[in-house]
Amino acid sequence: MSGQPTGQPTGGSSVHGPSTSMPVAGLVPAPRREHAHADLLVRNAKVFTGDPDRPEARAVAIRDGRVAALGDDHDLAHLVGPETKVVDALGRRVIPGLNDSHLHVIRGGLNYVLELRWDGVRSLRHALAMLREQAGRTPKGQWIRVVGGWTAEQFAERRMPTVAELNAAAPDTPVFVLHLYQSALMNRAAVKAAGFTRETPDPRGGQIVRGRDGEPNGVLLAAPSALILYSTLAKAPALDEADKRTSTRHFLRELNRFGLTSAVDAAGGFQNFPDNYATVMDLARSGELTLRIAYHLFPQTAGQELADLKRWTEMVKPGDGDEWLRLNGAGENLTWAAADFENFSEPRPELAAGYESEFEQAVRLLLENGWGFRLHATYDETIRRDLAVFEKLAAEGLFPGGNRWLFDHAETVSAGSLDRIAALGGAVSVQNRMSFQGTAFRDRYGPEAAAHTPPVRAMLDRGLTVAAGTDATRVSSYNPWVALHWLVTGRTVGGTALYPAGNLIDRETALGLYTRGGARLTGEQDVKGILREGFYGDLAILSDDYLTVPEAVIPDIESVLTVVGGRVVHATAEYVGLDEVVPPVSPEWSPVAHFGGYLSRGARQVVSVAEAVAESEQHRRWRVARGSVPDTTPSFVDPCFDH
């Protein structure tokens with residue numbers, strides 16, 4: 001494994017570098033046979049392969065980036081040579097690398113180190129403390145951005161912060177806090193930095209909330225379009241090119257931390273091609289990607305969509321690239337007029353009459369040029385109108401025509417629409433947006449409608465290709481285990497039960513949506529998604545056994561060692577130091593440099609202890625104020641030792 005560190009982790013190692021004649025993790029290296037030896041061998045593992053022909057193994061050997069063999073430890077002993085790196089999994093669960101089928105990974109990477117992540121934070125008190133601390137190190141002219149991955153339901157307080165709390169935490173530093181697709185909160189400094197005044201008009205589909213004096217009060221509402229939220233966020237300073245590169249590398253490593261080895265980038269607003277793709281393309285050229293990315297192209301300007309799509313079909317074609325970075329098609333929007341909105345706090349938007357004409361031209365252009373596409377559609381009303389266009393083109397032989405296409409989201413898709421999708425050769429990519437917005441949906445449409453939103457079980461029963469993802473980073477968290485928990489339990493991040501047993505799926509099926517499902521969407525089902533000889537050597541050793549742990553533990557699972565193409569791209573616990581070196585986070589004041597990304601289970605435990613101490617001190621002060629106890633400074637020294 002070229003470029004891998006060979007030093008030993010502290011505390012004793014179960015992973016070994018170049019071998020000698022001494023036993024390596026219980027295996028004696030065979031005589032040198034360079035062509036036959038593995039580059040990496042994972043042994044003493046509970047391997048779930050995802051392969052129905054061989055669902056289990058105890059060891060996996062990888063050579064030249066591909067799985068060379070699976071079997072028992074003894075079966076693969078002959079593959080250990082002088083240069084083989086041997087990993088003792090210590091009886092842990094090993095799974096194929098995860099694949100998020102709808103992740104805004106390119107855009108997320110360009111901004112990752114600028115963002116203060118509240119993902120996994122369990123109290124608003126802690127979230128505001130993070131904000132207050134970050135305000136102390138953020139330089140003048142920069143903003144503090146909390147962008148996605150959280151909801152008020154996850155906090156013990158069960159509420160959002162107030163603008164007053166943002167002002168108190170950061171009186172002089174602009175603060176922008178995005179909450180789902182619904183709203184954003186800004187402190188006074190951010191309102192000023194964004195240039196909002198009493199004269200600023202409300203944009204179409206959005207609202208700048210104002211006080212009695214007519215001045216903006218720091219609340220932005222998507223009504224129902226989130227464009228007001230994203231366009232305001234875009235006013236904040238961006239990174240320079242060098243820091244975008246570093247930011248992307250750290251974001252990919254953060255995804256590797258959870259066992260992700262692939263993602264399908266869904267493009268999105270404010271992601272221009274080729275400009276905003278330059279960073280990942282540069283990383284691909286230099287061999288520094290640690291996540292396989294299949295990307296899409298999304299027209300950015302209303303009225304210019306057909307021209308953009310035509311230009312792209314003349315520049316590139318799906319499949320261009322390699323196993324690390326490749327074009328997969330167009331979307332998730334083809335034309336802006338055909339896109340609905342997913343703000344469940346607002347009524348379902350009515351799309352403009354007659355959008356089908358331009359939409360049909362876009363679909364025809366793509367299919368005739370051999371392009372597949374993905375299509376954002378939240379509501380069945382949108383899906384039915386789109387399907388009518390596809391059925392018209394099917395009469396001309398364009399559907400099903402061998403081009404991969406799918407609907408994204410499809411929360412309220414009907415049984416009839418699923419039948420039509422199947423007949424046209426389509427697929428569906430579902431995301432756990434209901435983990436974060438499920439309560440809002442239930443409150444608006446009722447528990448009966450929420451019970452099958454989306455109807456994952458019905459999709460699978462029809463034999464449709466279904467893949468799973470997160471739609472991170474602006475709303476849902478990028479943590480795939482939160483999404484897998486939702487698929488298995490039907491619960492929101494706040495614990496609200498949405499689905500009956502009939503719309504739940506078992507753990508192995510859910511894992512299949514996160515491995516084989518994504519591979520099918522990119523036409524790579526013959527090389528990834530399972531652990532089988534000849535497939536990519538992508539796997540994760542898990543902190544907890546996903547297949548057996550209590551359901552409540554699933555969101556806290558992480559990978560202790562992630563391998564992509566035989567490269568160790570993430571390593572912790574017993575394997576610290578075995579992964580590839582990544583440059584330090586830059587700029588130094590970055591929230592990620594101080595808080596990291598998703599708050600881990602261990603970090604939450606530390607925070608809980610600190611909050612308990614703080615609450616105890618607050619209670620003491622309250623009792624002092626009431627005269628219940630004397631005002632003495634508490635001692636943390638046991639009086640037995642104070643002599």
Side-chain angles (χ1 to χ4, degrees), residues 97-109 252 255 260-269 271-274 276-281 283-284 289 291-300 305 308-334 362-363 365-377 399-410 421 425-431 464-472 513-529 536 538 564:
L98 298 179
N99 185 348
D100 190 319
S101 69
H102 187 119
L103 176 64
H104 296 277
V105 59
I106 294 175
R107 185 177 65 197
L252 299 187
L255 299 175
L260 282 161
T261 59
S262 292
V264 189
D265 185 86
Q271 184 171 312
N272 291 289
F273 180 79
N276 297 129
Y277 293 72
T279 298
V280 291
M281 290 181 173
L283 290 172
L289 288 179
L291 189 85
R292 304 183 192 276
I293 301 172
Y295 63 90
H296 288 77
L297 303 185
F298 180 126
Q300 296 294 306
E305 300 98 325
D308 284 343
L309 292 172
K310 186 175 188 303
R311 176 166 52 88
W312 294 336
T313 61
E314 295 169 352
M315 290 173 57
V316 289
K317 63 181 184 299
D320 280 358
D322 59 21
E323 64 188 65
W324 289 95
L325 182 67
R326 65 203 302 266
L327 174 64
N328 196 52
E332 64 181 290
N333 277 5
L334 303 184
V363 175
L365 172 67
L366 293 171
L367 296 180
E368 289 179 345
N369 283 277
W371 278 56
F373 60 89
R374 65 189 311 155
L375 197 60
H376 168 107
F399 280 94
N403 300 322
R404 292 185 301 276
W405 72 274
L406 65 133
F407 279 114
D408 275 308
H409 316 311
I421 294 169
V428 183
S429 175
V430 297
Q431 299 80 42
L464 284 166
T465 290
V466 183
T470 58
D471 201 10
L513 303 192
Y514 242 101
T515 50
R516 297 188 304 276
R520 291 187 182 114
L521 295 190
T522 57
E524 296 174 283
Q525 64 271 20
D526 293 330
V527 290
K528 71 179 177 182
Y536 294 153
D538 301 350
V564 188

Considering all heavy atoms, the nearest Phe399-Phe373 contact: CZ-CZ, 4.0 Å
Measure across Glu305 and Leu334 and return the closest heavy-atom pair with its distance rounded to 0.1 Å. CB-O, 3.4 Å
Heavy atoms only: give me the nearest Asn99-Ala519 pair and the separation to one decimal. ND2-N, 3.5 Å
Would you say the side-chain atoms of Arg326 pair up with the backbone N or O of Asp320, donor to acceptor, closer than 3.5 Å? no
Any heavy-atom pair between the side chains of Val527 and Glu323 that's under 4.5 Å? no
Contact check, side chains of Val264 and Arg374, non-hydrogen atoms, under 4.5 Å: yes
Take Leu406 and Ile421 through the side-chain contact (heavy atoms from CB on, under 4.5 Å) test and state the conclusion after the steps. CA-CA 9 Å; Leu406 65 133; Ile421 294 169; over 6 Å; no
Can you name the nearest heavy-atom pair linking Phe407 to Ala377, along with the distance? CD2-CB, 3.8 Å
With distance as the sole test, does Arg404 use its side chain to make a donor-acceptor pair with the main-chain N or O of Gly426 at under 3.5 Å? no
Within this structure, what is the CG-CG distance for the pair Leu289 and Leu252, rounded to the nearest 0.5 Å? 6.5 Å
Do Leu103 and Leu255 come within less than 4.5 Å of each other through their side chains, counting heavy atoms only? yes
Does Thr515 use its side chain to pair, donor to acceptor, with the backbone of Leu98 at less than 3.5 Å? no
Between Gln431 (side chain only) and Ser429 (backbone N and O only), is there a donor and an acceptor less than 3.5 Å apart? yes
Full working for side-chain contact (heavy atoms from CB on, under 4.5 Å) between Tyr277 and Leu297: CA-CA 10 Å; Tyr277 293 72; Leu297 303 185; 3.7 Å; yes
Show your working on side-chain contact (heavy atoms from CB on, under 4.5 Å) between Phe298 and Gln271 and close with a plain yes or no. CA-CA 8 Å; Phe298 180 126; Gln271 184 171 312; over 6 Å; no
Can you tell me how far apart CG (Leu365) and NZ (Lys310) are? Round to the nearest 0.5 Å. 8.0 Å
Say you draw a straight line from NE2 of His102 to CG of Asp471; how long is it, rounded to the nearest 0.5 Å? 3.5 Å
Quick one: pull up OG1 in Thr465 and CD in Gln525 and give me the separation to the nearest 0.5 Å. 8.0 Å
Locate the shortest heavy-atom distance separating Phe273 from Met315; write the atom from each residue and the value. CE2-CE, 3.8 Å
Could you check if a side-chain atom of His409 sits within less than 4.5 angstrom of a side-chain atom of His376, using non-hydrogen atoms only? yes
Could you tell me whether a side-chain N or O of Asp308 sits under 3.5 Å from a main-chain N or O of Arg311, the two making a donor and an acceptor? no
Between His296 (side chain only) and Leu327 (backbone N and O only), is there a donor and an acceptor less than 3.5 Å apart? no
For the residue pair Val428 and Ala410, what are the closest heavy atoms and their distance? CG1-CB, 4.1 Å
Working to the nearest 0.5 Å, report the span between CG of Asp100 and CG of Leu260. 6.0 Å
Less than 4.5 Å apart, side chain to side chain, heavy atoms only: is that true for Ser101 and Tyr514? no
Side-chain touch Trp324/Val564, heavy atoms, less than 4.5 angstrom: yes
Nearest-0.5 Å distance, CD1 of residue Ile293 to CG of residue Asn328: 12.5 Å
Before accepting this row, confirm whether a basic side-chain N of the pair Asp538/Arg292 lies closer than 4.0 Å to the acidic partner's carboxylate O. yes
For the residue pair Asn403 and Trp371, establish whether any side-chain heavy-atom pair is separated by less than 4.5 Å. no
I want to check something: taking the side chain as every heavy atom from C-beta on, are Leu375 and Asp408 in contact at a cut-off of under 4.5 Å? no
